[in-house]
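Okay, structure first, notes after.
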Amino acid sequence: MSYEEIREQAASAVKELLEAAKLQKGDIFIIGCSSSEIKGERIGKGSDFNAAKAVYDGVYPILAERGIFLAAQCCEHLNRAVIVEREALLPGTEIANVVPQTHAGGSFAMAVYENAKNPVAVEEIKADAGMDIGD
């Protein structure tokens, strides 16, 4: 599957879910994403930043135009922390001092972190909708 196909499929899936979920501006949409599984490999064994970036490129513009925050669930190596824009958090939310990497957080969390305006990691968050991409 090409990166363009990954981008298109991710965009299509998010559009379909948004139609059903009726999210509003300021809501949070969380994605768990395994770039390894997107490529047909075992989770954590074939991380591909370009595949993760293709997912990000497919979903972020759709969410941003609606004013919906994108959150990314990290892998177990960062205790499934969540990367999100600081602006999306409630006052007083405790922030973890981590930066996701390919094999510690995951490629999708890296893509979200690297492209966010003011990214932070939190141990937990209440999202309004979400999806798992990969398996």
Please answer: with hydrophobic residues joined when any side-chain heavy atoms are less than 4.5 Å apart, are [X] and [Y] in the same cluster?
{"X": "Phe69", "Y": "Met131", "result": "no"}
{"X": "Ile83", "Y": "Ile28", "result": "no"}
{"X": "Ile133", "Y": "Tyr113", "result": "yes"}
{"X": "Val98", "Y": "Val82", "result": "no"}

Minimum heavy-atom distance between [X] and [Y], given as atom pair plus value:
{"X": "Gly106", "Y": "Cys75", "answer": "N-SG, 4.2 Å"}
{"X": "Ser107", "Y": "Thr102", "answer": "OG-CG2, 3.9 Å"}
{"X": "Ala51", "Y": "Ile6", "answer": "O-CG2, 3.8 Å"}
{"X": "Gly58", "Y": "Ala11", "answer": "O-CB, 3.3 Å"}

How long is the gap from CD1 on Ile30 to NZ on Lys126, to the nearest 0.5 Å? 12.0 Å

Working to the nearest 0.5 Å, report the span between CD1 of Ile68 and CG of Leu23. 4.5 Å

Transitive ILVMFWY cluster of Met110 at side-chain heavy atoms under 4.5 Å: who else is in it? Phe49

I need the single residue from Asn118, Val120, Val112 that forms a side chain to side chain contact (heavy atoms under 4.5 Å, CB included) with Glu85. Which is it? Asn118

Side chain to side chain, [X] and [Y], heavy atoms closer than 4.5 Å:
{"X": "Lys53", "Y": "Glu114", "value": "no"}
{"X": "Tyr56", "Y": "Phe108", "value": "yes"}
{"X": "Asp48", "Y": "Tyr3", "value": "yes"}
{"X": "Ser2", "Y": "Glu5", "value": "yes"}
{"X": "Leu18", "Y": "Leu63", "value": "yes"}
{"X": "Lys15", "Y": "Ile62", "value": "yes"}

Which is it for Gln9 and Met1 under the side chain to side chain contact (heavy atoms under 4.5 Å, CB included) test, yes or no, and what are the steps along the way? CA-CA 10 Å; Gln9 287 185 13; Met1 178 180 310; 3.8 Å; yes

Count the heavy atoms belonging to other residues, nucleotides or ligands that lie under 6.0 Å from CD of Glu94, then report whether that count exceeds 12. no

Sequence neighbours excluded, the answer for side chain to side chain contact (heavy atoms under 4.5 Å, CB included) partners of Glu8 is Glu4

Can any side-chain N or O of Asp57 pair as donor or acceptor with the backbone N or O of Arg7 at less than 3.5 Å? no

Exam field: side chain Asn115 to backbone Ala111, donor-acceptor pair closer than 3.5 Å: yes

Start with the C-alpha distance between Leu89 and Val122, add both sets of side-chain angles, then the distance that settles side chain to side chain contact (heavy atoms under 4.5 Å, CB included), and finish with yes or no. CA-CA 9 Å; Leu89 300 177; Val122 295; 3.8 Å; yes

Starting from the C-alpha separation in whole Å, work towards a yes-or-no answer on side chain to side chain contact (heavy atoms under 4.5 Å, CB included) for Ile38 and Val55. CA-CA 10 Å; Ile38 289 171; Val55 171; 3.6 Å; yes

